J.: 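Please find one structure pasted underneath; my questions will follow.
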Amino acid sequence: MDLQLNTYYTLICAALVLLLGKWLVGHLRWLANFNIPEPVAGGLVAAALCYALNVLLGYRLGFDVDLQTAFMLVFFSSIGLSANFTKLKQGGRALLLFLLVIAVYIGVQNGVGVALASLLGLDPLVGLIAGSMTLLGGHGTAGAWGSVLERDHGIQGAMTLGMACATFGLIIGGLVGGPLAKWLIRRHQLQGPQVTPADADNLVEADAYNFESPRKTRLITTDAIIETLALFAGCLAFAQLMTALTAGASFQLPTFVWALAGGVVIRNTLDHVFRFKVFDRAIDVFGNAALSIYLAIALLSLKLWELADLAGPLVIILAAQTVVMLAYVALVTFRVMGRDYDAAVLCAGNCGFGMGATPTAVANMQAITNQYGPSHKAFLIVPMVGAFFIDLLNAVFLQTFIKFLG
């Protein structure tokens, strides 16, 4: 029996999941020790309860997908709105270097998927479904490309398969990023910036990096809230317009990429043309809230029974992808990015979007920096690379692989 919860009940459930996650991480030491993000901890328990209801009583809970999408778009809009060109210039060589590392990894991930699919007797295109199409691309990319594979290449069930793989990736990305980064920090005896208890309680400065300090107090006025809501509305309107204009085009981008791009355009136009100072604190609050609620709803919506139905060969591919990602991040990303504390935090983010999604990457980094101290470089680089540049690169790689394999 299907039980569909409307917007209000979905939001209530998401809030309860976040409170549960906060309680679990605060009371179960091993969750804190492994730096598991609070939305992931609470969300997995909620997903397990939904699975038990399905198995024992036959109930299938459904949550408001539109609400999840809305918060996802707000989150990506906040990344764009916080990305003024002055900050992006600070990324400089490190941003380009990290982008190169990820570009190579996209090729590796798809190569592993295609090779194993061929060895296991599956269509090589299935390897792309268990590659960057879903693991690095997430649910949005999985849905977009799944329909293409079903319609144009005869891969039956590509959409369902893609959603299941993306779900697996979301779980794994949130579980392994924190522990790997912590292992790197301890193994190499790295230290983050020393932050005193007094500093931890201080207000966040206006120029602080977005998402970096979700627990710190921010002073926000009513005018700032209204202005910020208008900015978010502009980003969402731009995303909706561009998605409609590019529908059916040979090169399409997911709606959330347009939302991020809209934020970049709006922010820098206001900064450099109209000399209007955007209130970063309000953007940070809205962005962090949207991030937490999006992850909570995403994990609430996990259909674990779909994962249980994954074919054996696909499980082998996904397990291999996990091992390859951990090895690549530890041996390549960490070393190329400098073998320091910032590099370790970047590795946590790399795991998040390498198997899951950019919100998972940010949550992974927050779990590390809450314990070891801030990392300006990581919170400058990962949101932009993970949310914008990666989708452009991924689209090019996927089109090239499909053209070659098709």
Side-chain angles (χ1 to χ4, degrees), residues 2-28 31-32 35-54 59-79 138-139 167 170-171 173-175 178 204 210-220 222 224-226 228-229 232-233 236 256 259 281-304 352 356-367 370:
D2 292 324
L3 295 176
Q4 185 66 34
L5 301 184
N6 62 21
T7 301
Y8 308 118
Y9 291 110
T10 298
L11 189 56
I12 291 171
C13 290
L16 292 176
V17 164
L18 294 174
L19 292 174
L20 173 62
K22 184 176 181 179
W23 185 88
L24 289 172
V25 172
H27 288 77
L28 298 180
L31 287 174
N35 299 104
I36 304 300
E38 294 172 1
V40 174
L44 287 179
V45 173
L49 292 175
C50 292
Y51 179 70
L53 284 175
N54 176 258
Y59 290 111
R60 292 186 297 273
L61 291 180
F63 298 89
D64 191 337
V65 179
D66 292 335
L67 186 64
Q68 177 184 342
T69 302
F71 280 110
M72 178 186 70
L73 294 178
V74 170
F75 165 71
F76 283 107
S77 297
S78 68
I79 295 176
H139 289 81
T167 298
L170 187 68
I171 296 172
L175 288 177
V204 170
N210 214 29
F211 310 111
E212 190 168 359
S213 306
R215 294 179 178 176
K216 289 189 178 180
T217 305
R218 291 154 172 82
L219 294 178
I220 300 176
T222 302
I225 291 177
I226 294 172
T228 305
L229 285 175
F232 280 116
L236 301 186
F256 67 82
R281 293 176 187 170
I283 292 173
D284 194 60
V285 168
F286 278 98
N288 275 299
L291 165 66
S292 296
I293 296 173
Y294 162 74
L295 283 175
I297 298 175
L299 289 163
L300 267 175
S301 303
L302 292 181
K303 296 179 174 59
L304 293 180
T358 303
T360 311
V362 174
N364 283 350
M365 295 192 302
Q366 287 177 344
N370 282 340

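None of the values given here were measured: they were computed from a predicted structure.
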J.: Nearest heavy-atom pair of L18 and S292: which atoms, and what distance?
T.: CD2-O, 3.5 Å
J.: Minimum heavy-atom separation for L295 to A363, with atom names?
T.: CD1-CB, 3.7 Å
J.: Run the numbers on I293 and I297 for side-chain contact (heavy atoms from CB on, under 4.5 Å), then give the verdict.
T.: CA-CA 6 Å; I293 296 173; I297 298 175; 3.8 Å; yes
J.: Measure the spacing between CG of L67 and CG of L5 and express it to the nearest 0.5 Å.
T.: 11.5 Å
J.: So, taking the atom named SG in C50 and the one named CG in L61, what distance separates them when rounded to the nearest 0.5 Å?
T.: 4.5 Å
J.: For a quick test of reading the model, state the closest non-hydrogen atom pair linking A224 to A282 and the distance between them.
T.: O-CB, 4.2 Å
J.: Looking only at side-chain N and O atoms, does Q366 offer a donor or acceptor that is under 3.5 Å from a partner on N288?
T.: yes
J.: Rounded to the nearest 0.5 Å, what separation is found between the CD atom of E38 and the CG atom of N370?
T.: 7.5 Å
J.: Between F63 and Q68, does a side-chain contact (heavy atoms from CB on, under 4.5 Å) hold up when you go through it step by step?
T.: CA-CA 9 Å; F63 298 89; Q68 177 184 342; over 6 Å; no
J.: Do T10 side-chain atoms and D64 backbone N/O form a donor-acceptor pair below 3.5 Å?
T.: yes
J.: I'd like to know whether V17 forms a side-chain contact (heavy atoms from CB on, under 4.5 Å) with V45, so could you lay out the CA-CA distance, the side-chain angles of the two residues, the decisive distance to 0.1 Å, and finally the verdict.
T.: CA-CA 8 Å; V17 164; V45 173; over 6 Å; no
J.: How far does CZ of R281 sit from CD1 of I283, to the nearest 0.5 angstrom?
T.: 12.5 Å
J.: Within the structure provided, determine whether T228 and F286 are in side-chain contact (heavy-atom separation under 4.5 Å).
T.: yes
J.: Ignoring hydrogens, what is the shortest heavy-atom contact between A298 and L170? Give both atom names and the distance.
T.: CB-CD2, 4.1 Å
J.: Quick check: closest heavy atoms across C13 and L300, and the distance to 0.1 Å?
T.: CB-CD1, 3.7 Å
J.: Would you give the length of the straight line joining atom CG of L11 to atom CZ of F71, rounded to the nearest 0.5 angstrom?
T.: 5.5 Å
J.: Got a donor-acceptor contact below 3.5 angstrom from the D284 side chain to the G287 backbone?
T.: no
J.: Are the side chain of S78 and the backbone N or O of F75 linked by a donor-acceptor pair below 3.5 Å?
T.: yes
J.: State, with a plain yes or no, whether a side-chain heavy atom of L229 is found less than 4.5 Å away from one of I225.
T.: yes
J.: Mind listing the closest non-hydrogen atom pair of G173 and N364 along with its distance?
T.: O-ND2, 2.9 Å
J.: If I take atom CZ from residue F232 and atom CZ from residue F76, how far apart are they, to the nearest 0.5 angstrom?
T.: 13.0 Å
